[in-house]
Amino acid sequence: MNKPRGIAILGSTGSIGRNSLEVITSMNQHGENYHVSYLITNKNVDLLYDQAKKYRPEGVVVIDEGKADLFRSYLNGEKLKVYSGKTGLMEVMAGGEFDVLISCLVGFAGLRPTLEALKAGKTVALANKETLVVAGEIVKRTANEHHAVLLPIDSEHSAILQCFSGEATNSVARLILTASGGPFLSRDKAELENVTVEEALNHPKWRMGKKITIDSATLMNKGLEVIEAHYLFDLPAEKIEVVVHPQSIIHSMVEFVDGSIKAQMGMPDMKIPIQYALTYPNRVPSGYQRVDFGKVGQLTFVQPDLDKFSLLKFAYEALRCGGTSMAILNAANEEAVGLFLQQKIKFMQIADTVQEALESIPSRPSSDIEDIFEADRVAREFVQSNHQLVN
Ligand SMILES: NC(=O)c1ccc[n+]([C@@H]2O[C@H](COP(=O)([O-])OP(=O)(O)OC[C@H]3O[C@@H](n4cnc5c(N)ncnc54)[C@H](OP(=O)(O)O)[C@@H]3O)[C@@H](O)[C@H]2O)c1
């Protein structure tokens, strides 16, 4: 039997991390040969312990040092290599024995470890879109220099990759990213003033981590995905469009120069694009739910309302502006979403906060990674010292 393909999961306790483990189990049940080499998490050591018992990795990383000691205390003599802190994380990214990194930490925290894995020539299956948003040029350059392969997990970008199959790059006319529209699609802008955290977290189609669920409610998620698509597929902002498709059956489309359009469809289940990233360019069987068109009924489309969901507009503007604008956009958004989740600002203030940060902090060229870290730091400080608290 061939050596199993070793997978490291950076963010194994999150929504994508848990789905990834299910995909690996399912693929092995269908005769594939995958092995979980490393499980990496921030703090959730209880779940990490259960995962480690089930999947028997070579090692685990607990990024939070204090929680790493707690995890070690669970082991009771069981043999497992435990790495901790940012140093332990970077050691595994640079020297760990694995073939594919599933990069699914949430937010900017994913950037350094993902870059390190690319430098080690690993294949990276990327869910952590923020990494490409803030440092797209640097990430791509690093992948090229180290002959590392970067594959998308986001369902929209997986759809586009699938539509590209067998097509010449210069035959692409535009990308059409679909958006579910989130929980507030049919509400007026005025009604969004006082929506609660609970309402914003109640996504109609996808079960995801809190940060991306709020980004889906503001449509910032789609803005981040436009930037991600720009870097993954080398197309300018003008050739990347967004259409709202509430049924979330078409995951995205590509229009070609002759006017023909390819769409990729499936149930809204992240296990499908995760599996595709692991088996690319091949497909293997799965038992995931199939689309029953009789039950779906209609597939509908509307233009996104950029007045109500202004973060999508700001993301396009940041992409056109270039340099550190996207790091500022992302950091301000991460901070604002955090403040909203803590009920310190209102829902519509998320967009106001990001707009203020973009207008107040000058964008600079971003030739190296330290420029990105500096822009990220400045934007976070700006939001923390300037946000208006809810009365
Ligand atoms: N969920 C989806 O369906 C989906 C779809 C497409 C793309 N994505 C993208 O995938 C990424 C992960 O999303 P998710 O929904 O899986 O998130 P999630 O459920 O919130 O999980 C986040 C993971 O990141 C870790 N983490 C959180 N804060 C951290 C920090 N400051 N430093 C280091 N690690 C940290 C968490 O560890 P602990 O559990 O230990 O705190 C957890 O393992 C995001 O970039 C998101 O945009 C998600």
Side-chain angles (χ1 to χ4, degrees), residues 2-28 32-75 78-107 109-128 131 139 142-143 146 148-151 153 209 270-271 274-275 277-280:
N2 289 339
K3 194 170 160 275
R5 204 159 179 231
I7 312 287
I9 306 183
L10 177 61
S12 68
T13 50
S15 160
I16 293 289
R18 296 190 310 270
N19 272 308
S20 299
L21 288 169
E22 281 186 41
V23 167
I24 290 167
T25 302
S26 152
M27 287 201 296
N28 286 343
E32 298 300 310
N33 194 9
Y34 287 82
H35 168 68
V36 177
S37 304
Y38 293 92
L39 292 166
I40 303 151
T41 194
N42 190 32
K43 289 179 177 187
N44 187 349
V45 287
D46 290 345
L47 179 55
L48 179 69
Y49 182 67
D50 292 342
Q51 292 178 339
K53 264 205 315 207
K54 181 166 176 191
Y55 290 94
R56 302 268 160 216
E58 269 75 80
V60 300
V61 184
V62 182
I63 303 171
D64 183 294
E65 299 273 8
K67 293 285 181 182
D69 290 339
L70 178 63
F71 184 84
R72 286 189 185 98
S73 74
Y74 291 171
L75 286 181
E78 290 163 66
K79 261 188 143 184
L80 176 64
K81 183 102 177 107
V82 182
Y83 301 80
S84 60
K86 289 189 177 145
T87 316
L89 173 61
M90 295 314 239
E91 192 183 335
V92 168
M93 292 298 101
E97 263 197 46
F98 60 92
D99 302 297
V100 182
L101 175 72
I102 299 182
S103 171
C104 55
L105 286 191
V106 60
L111 175 59
R112 272 215 209 266
T114 304
L115 272 177
E116 202 63 27
L118 290 170
K119 280 186 201 157
K122 307 291 187 191
T123 293
V124 172
L126 187 75
N128 174 248
T131 282
V139 169
T142 307
H146 297 273
V149 177
L150 188 62
L151 292 164
I153 280 185
M270 284 308 297
K271 290 195 268 310
I274 292 171
Q275 174 163 315
L278 293 178
T279 63
Y280 175 85

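Keep in mind that the numbers below use all heavy atoms, side chains included, and drop hydrogens, waters and symmetry copies.
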Where is the tightest heavy-atom contact between [X] and [Y], given as atom of each residue plus distance?
{"X": "Val124", "Y": "Ser103", "result": "CG1-CB, 4.0 Å"}
{"X": "Gly88", "Y": "Val61", "result": "C-CG1, 4.3 Å"}
{"X": "Leu278", "Y": "Arg5", "result": "O-NH1, 2.7 Å"}
{"X": "Gly6", "Y": "Ser37", "result": "CA-OG, 3.2 Å"}
{"X": "Lys119", "Y": "His146", "result": "O-ND1, 3.1 Å"}
{"X": "Ala277", "Y": "Leu151", "result": "O-CD1, 3.4 Å"}

For [Y], does its backbone N or O pair with a side-chain atom of [X] as donor and acceptor, under 3.5 Å?
{"X": "Arg112", "Y": "Lys86", "result": "no"}
{"X": "Asn19", "Y": "Ile274", "result": "no"}
{"X": "Lys122", "Y": "Met93", "result": "no"}
{"X": "Asn128", "Y": "Gly107", "result": "yes"}
{"X": "Tyr83", "Y": "Val92", "result": "no"}
{"X": "Asn42", "Y": "Ile63", "result": "no"}

In Å, rounded to the nearest 0.5 Å, how long is the span from [atom1] of [X] to [atom2] of [Y]?
{"X": "Leu39", "Y": "Tyr55", "atom1": "CG", "atom2": "OH", "result": "9.0 Å"}
{"X": "Met270", "Y": "Ile16", "atom1": "CE", "atom2": "CD1", "result": "4.0 Å"}
{"X": "Thr131", "Y": "Leu105", "atom1": "OG1", "atom2": "CG", "result": "8.0 Å"}
{"X": "Asn2", "Y": "Glu32", "atom1": "CG", "atom2": "CD", "result": "11.0 Å"}
{"X": "Leu101", "Y": "Ile40", "atom1": "CG", "atom2": "CD1", "result": "6.5 Å"}
{"X": "Asn33", "Y": "Asn28", "atom1": "CG", "atom2": "CG", "result": "6.5 Å"}

Looking just at side-chain N and O atoms, do Tyr38 and Ser12 make a donor-acceptor pair shorter than 3.5 Å?
-> no
So do the side chains of [X] and [Y] get within less than 4.5 Å of each other, counting heavy atoms only?
{"X": "Ile24", "Y": "Ile9", "value": "yes"}
{"X": "Val139", "Y": "Thr114", "value": "no"}
{"X": "Leu10", "Y": "Leu89", "value": "yes"}
{"X": "Met27", "Y": "Thr279", "value": "yes"}

Sequence-distant partners of Arg18, salt bridge (charged side-chain N to carboxylate O under 4.0 Å, His left out), two or more places apart = none
For Lys271, which residues count as a salt bridge (charged side-chain N to carboxylate O under 4.0 Å, His left out) partner, sequence neighbours excluded?
->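 Listed in chain order: Glu22, Asp269.
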Considering residues at least two apart in sequence or located in another chain, which fulfil the side-chain contact (heavy atoms from CB on, under 4.5 Å) criterion with Asp46?
-> Asn44, Tyr74
Could you list the residues that satisfy side-chain contact (heavy atoms from CB on, under 4.5 Å) with Val106, not counting sequence neighbours?
-> Glu130, Lys211
Just do the side chain to side chain contact (heavy atoms under 4.5 Å, CB included) check on Thr25 and Tyr34 with the steps written out, would you?
-> CA-CA 8 Å; Thr25 302; Tyr34 287 82; over 6 Å; no
Please name all residues satisfying ring-ring contact (aromatic ring centres under 6.0 Å, His included) with Tyr280, sequence neighbours left out, ordered by chain then number.
->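 Partners of Tyr280 by the ring-ring contact (aromatic ring centres under 6.0 Å, His included) criterion, ordered by chain and then number, come out as Tyr276.
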Tell me the salt bridge (Lys or Arg N to Asp or Glu O under 4.0 Å) pairs involving residues 59-72, sequence neighbours left out?
->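 Residue pairs with at least one partner in residues 59-72: Asp69-Arg72.
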Passing option when Ile7 is tested against Ile102, Val23, Leu21 for side-chain contact (heavy atoms from CB on, under 4.5 Å) =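 Only one of Ile102, Val23, Leu21 forms a side-chain contact (heavy atoms from CB on, under 4.5 Å) with Ile7, namely Ile102.
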